[in-house]
Amino acid sequence: MKKIILSALLLIALNMINTEVSAATYLDDSSKNFGVSADNMYLTSLSVLNSLNYEIIEIQSKSGYILFRTGAKDYIMTVTALSPVTSNIKILPANSVYSTGTAVQKTIFEQLELNKLNILKKQG
């Protein structure tokens, strides 16, 4: 009986460690810095989401977040100023479930990188 209980506790502990590692990796892949002002990245993010045909549910320009939907999953994108010419974008699931991978984030970040060159040309 003791062996069964110890085995169950070990499996639970290993699952918890695996979940924490998965969430940490997911969080690392969900954030990216850009050498562009936050205002320009916010507007570009809206444009990219629109071009990818993601449904924009809510936007809040003052706090810099965009709530959007891809299929049946909702995400929150935040655009934060790190300096006057540097910003950070973070894209996380709205329900805080980090088990579905980062394909949406990678797609958006790739499109933002492509659009970054146009932004920099316009900035001067």
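The chain is numbered in sequence order, starting from 1.
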- Task: Look at the side-chain heavy atoms of Ile, Leu, Val, Met, Phe, Trp and Tyr, link any pair under 4.5 Å apart, and say whether Ile89 and Leu52 land in one connected group.
- Result: yes

- Query: Can you tell me how far the CD1 atom of Ile76 sits from the OH atom of Tyr65, to the nearest 0.5 Å?
  - Reply: 7.5 Å

- Separation between CD1 of Ile108 and CD of Glu113, rounded to the nearest 0.5 Å: 13.5 Å

- Message: To the closest 0.5 Å, what do you measure between OH (Tyr54) and OG1 (Thr107)?
- Response: 5.0 Å

- Message: To the closest 0.5 Å, what do you measure between CG (Asn33) and OG1 (Thr80)?
- Response: 9.5 Å

- Message: Would you compute the distance between atom CG of Leu82 and atom OG of Ser37 and round it to the nearest 0.5 angstrom?
- Response: 11.5 Å

- Message: If only side-chain N and O atoms count, and only distance matters, is there a donor-acceptor pair under 3.5 Å linking Asn88 with Ser31?
- Response: yes

- Message: Is there a path of hydrophobic side-chain contacts, each under 4.5 Å between heavy atoms of I/L/V/M/F/W/Y residues, joining Ile56 to Val104?
- Response: yes

- Distance, nearest 0.5 Å, that separates CE of Met41 from CG of Asn115: 8.0 Å

- Task: Determine, step by step, whether Phe34 and Val79 satisfy the side-chain contact (heavy atoms from CB on, under 4.5 Å) criterion, reporting the C-alpha distance in whole Å, the side-chain angles of both residues, the deciding distance to 0.1 Å, and the verdict.
- Result: CA-CA 10 Å; Phe34 290 89; Val79 181; over 6 Å; no

- For Leu112 and Lys32, what are the C-alpha separation, side-chain angles and deciding distance, and is it a side-chain contact (heavy atoms from CB on, under 4.5 Å)? CA-CA 10 Å; Leu112 289 170; Lys32 185 168 176 112; over 6 Å; no

- Note on the structure: Nearest heavy-atom contact between Gln105 and Asp29 is CB-O, 4.0 Å

- Task: Look only at the side chain of Glu58 and the backbone of Leu67, and say whether a donor-acceptor pair between them is shorter than 3.5 Å.
- Result: no

